[in-house]
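Below: the structure, in structure tokens.
Per chain, numbering begins at 1; letters A, B, ... match sequence-line order.
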There are 2 protein chains.
Amino acid sequence: MSEHEPHILVVDDHRDIREQLARYLRKSGLRASVADSAQQARKFLKSAAVDLIVLDIMMPGEDGLSLCRSLVETGTVPVILLTAMAEDTDRIVGLEIGADDYVTKPFNPRELLARIRAVLRRAAHVPRDRDPVDAETLAFAGWTLDVPKRLLSGADGVAVPLSSGEFQLLVAFLKRPRMVLSRDQLLDLTSGRTPGVFDRSIDNQVSRLRRKIEPDPKTPELIKTVWGGGYTFTADVQDTAS
Amino acid sequence: MSEHEPHILVVDDHRDIREQLARYLRKSGLRASVADSAQQARKFLKSAAVDLIVLDIMMPGEDGLSLCRSLVETGTVPVILLTAMAEDTDRIVGLEIGADDYVTKPFNPRELLARIRAVLRRAAHVPRDRDPVDAETLAFAGWTLDVPKRLLSGADGVAVPLSSGEFQLLVAFLKRPRMVLSRDQLLDLTSGRTPGVFDRSIDNQVSRLRRKIEPDPKTPELIKTVWGGGYTFTADVQDTAS
DNA sequence: GTCAGGCTGTTACAATTGGTTACAAAGAGA
DNA sequence: TCTCTTTGTAACCAATTGTAACAGCCTGAC
């Protein structure tokens, strides 16, 4: 991947395992966040974009399998399960639920890292979304974006021409408001390109888009920069299914 | 459509793929049946109501494409194709054959499941009725295209002469509104020619067509360019079977 | 057959788009 | 504060697109 590290969320109720693992992942050049329960993980996922989740099956409260199932259902984040025993039952159940891989405890951190890298690689290869956009029009901050018509019009009804790249970037933001999107993710969402080493194309597209939609591009209100993380779209978005 | 779980028919000559996939789908809350050949599938379809078919292209005997074509012709069941290679798939889908989606092998069952759900959702919203080929007149943005007469008339009833190339291009767009069509696809749809290396004929035909149907050809509204991708027809199209 | 006229692919060139580079500005940490 | 990293953006350039001009081909009239 690139200078924007994949973001891993470690979910485990054992503080030592959780923190040690997170530290190890960070040392290995990944970004890592932690959650001590399924509940906390859900909350975290609402506000941050995560590339992969390492998830302990056995936890008090809502257990890992349950969280895993619902994650898989929404189908956006790959999951690696941590299972207590080497027993096949867990593993089979996990894989059937749709986890991407599993590691048995006690685990070798290096092995887990290798599996994380493998799953990320696989996830990156999943063909791009061919599904049509669901929402027909997306409204935000006085603007209205007609997705099928690829037309952005201001409060006064005047249309502002968008290039294809700007349009795709805007759609990527509008479908995920308030989520922090890394440059890599945005690049994937807009063009599917694999990022170069010093890829600044997203920065430029963001800059160009800001020039068109921000009231004052010098102090952006709609697309905020998350220092070290990426960008977030901050305004409320109303989508109308036609 | 039945009011119970969606019923999926899996058609594949490989027993293991077929059975595993069926099991996975059942576990995911769908009903699944299997057929090991196009022939068996046809027989099955006569006696059972199926909501969606997952169909392997490569099979001994009558192959998947052939079955798919005739299914699409009758126009009642959505189809997702399993293809061996990623090549040419985009041409296959939607265009010549009319499948609703495709997945390349080896496939991730979760991805397939997501696509099944997406297609079912679409099918539930958009009644799959008429065969678009038979539509007699296509109306869009104030224009009316009489297909058998090859006659395009404006809101005021005044006819605009179209060359046959322009006519075919327009029909290609009108039958697939909101889809991004690559130059190669458009070339295939309009003339069937194999594209040259620096083929700009589609660009020219688009330019000529725009001059005739766009209110302001300088800022096209109906046929939009997708930079690096092709063209899209953005307006709503109403087709009347006359 | 010849010719005119229209259609369509090719070529050429201008305009647009978007990725890259460079450098200034801003943020983070010591 | 000083320094290193990250971000903003202007400037540049290569790729892509728009379209005018041209040429070959076909059709129909004579």
Whole Å only: how far is the [atom1] atom of [X] from the [atom2] atom of [N]?
| X | N | atom1 | atom2 | result |
| --- | --- | --- | --- | --- |
| A:Arg210 | D:dA10 | CZ | C1' | 16 Å |
| A:Ile223 | D:dG8 | CD1 | P | 10 Å |
| B:Trp227 | D:dG18 | CH2 | C1' | 14 Å |
| B:Lys224 | C:dT16 | NZ | P | 16 Å |
| B:Arg211 | D:dA21 | CZ | C1' | 11 Å |
| B:Asp203 | C:dT8 | CG | P | 16 Å |
| A:Phe167 | C:dT17 | CZ | P | 15 Å |
| B:Gln205 | C:dC7 | CD | P | 11 Å |

(request) Could you pull out the closest heavy-atom pair between A:Leu162 and A:Leu152, with the gap in Å? (result)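 Scanning both residues completely, I find the closest heavy atoms to be CD1-CB, 3.8 Å.
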
(request) Verify whether one side chain among B:Asp199 and B:Ser201 offers a donor that lies under 3.5 Å from an acceptor in the other. (result)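 Side-chain D/A pair, B:Asp199 to B:Ser201: present.
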
(message) Judged by each residue's nearest nucleotide on DNA chain D, which is more toward the 5′ side, B:Pro220 or A:Lys218?
(response)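 That would be A:Lys218.
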
(message) I'd like to know if A:Arg211 pairs up with A:Glu166 as an ion pair, taking the criterion as any Lys NZ or Arg NE/NH1/NH2 lying under 4.0 Å from an Asp or Glu carboxylate oxygen.
(response)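 A:Glu166 and A:Arg211: not salt-bridged.
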
(request) Using a strict cut-off of less than 4.0 Å between a Lys/Arg side-chain nitrogen and an Asp/Glu carboxylate oxygen, indicate whether A:Arg18 and A:Asp13 qualify as a salt bridge. (result)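 Salt bridge: no.
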
Strictly below 4.0 Å: does [X] bring a side-chain N or O up to OP1 or OP2 of [N]?
| X | N | value |
| --- | --- | --- |
| B:Ser164 | C:dT8 | yes |
| B:Arg183 | D:dT16 | no |
| B:Tyr231 | D:dT16 | no |
| A:Ser163 | C:dT16 | no |

(request) May I ask you to check whether A:Phe140 and A:Phe173 place their ring centers less than 6.0 Å from one another? (result)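 Judged by ring-centre distance (under 6.0 Å), A:Phe140 and A:Phe173 do not meet the cut-off.
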
(request) Name the nucleic acid region contacted by B:Arg208, choosing base, sugar-phosphate or nothing; use a 4.0 angstrom heavy-atom cut-off, strictly under. (result)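 Base: the residue B:Arg208, judged by heavy atoms under 4.0 Å, touches a nucleobase.
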
(request) On DNA chain C, check which nucleotide each of A:Ser201 and B:Gly165 is closest to and give me the residue with the more 5' one. (result)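 First, find each residue's nearest nucleotide; the 5'-ward one identifies B:Gly165.
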
(request) Measure distances between side-chain N and O atoms of A:Arg200 and base N and O atoms of C:dG19, and say whether any donor-acceptor pair falls under 3.5 Å. (result)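 Counting by modelled atom types and ignoring angles, no donor-acceptor contact under 3.5 Å is found here.
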
(request) Assess whether one donor atom and one acceptor atom, taken from the side chain of B:Asn204 and the base of C:dT10, lie less than 3.5 Å apart. (result)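 Yes, a donor-acceptor pair under 3.5 Å.
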
(message) Nearest to the side chain of A:Ser207, heavy atoms from C-beta on, is which of C:dT10, C:dG27, D:dT9?
(response)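 Minimum distance to the A:Ser207 side chain belongs to D:dT9.
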
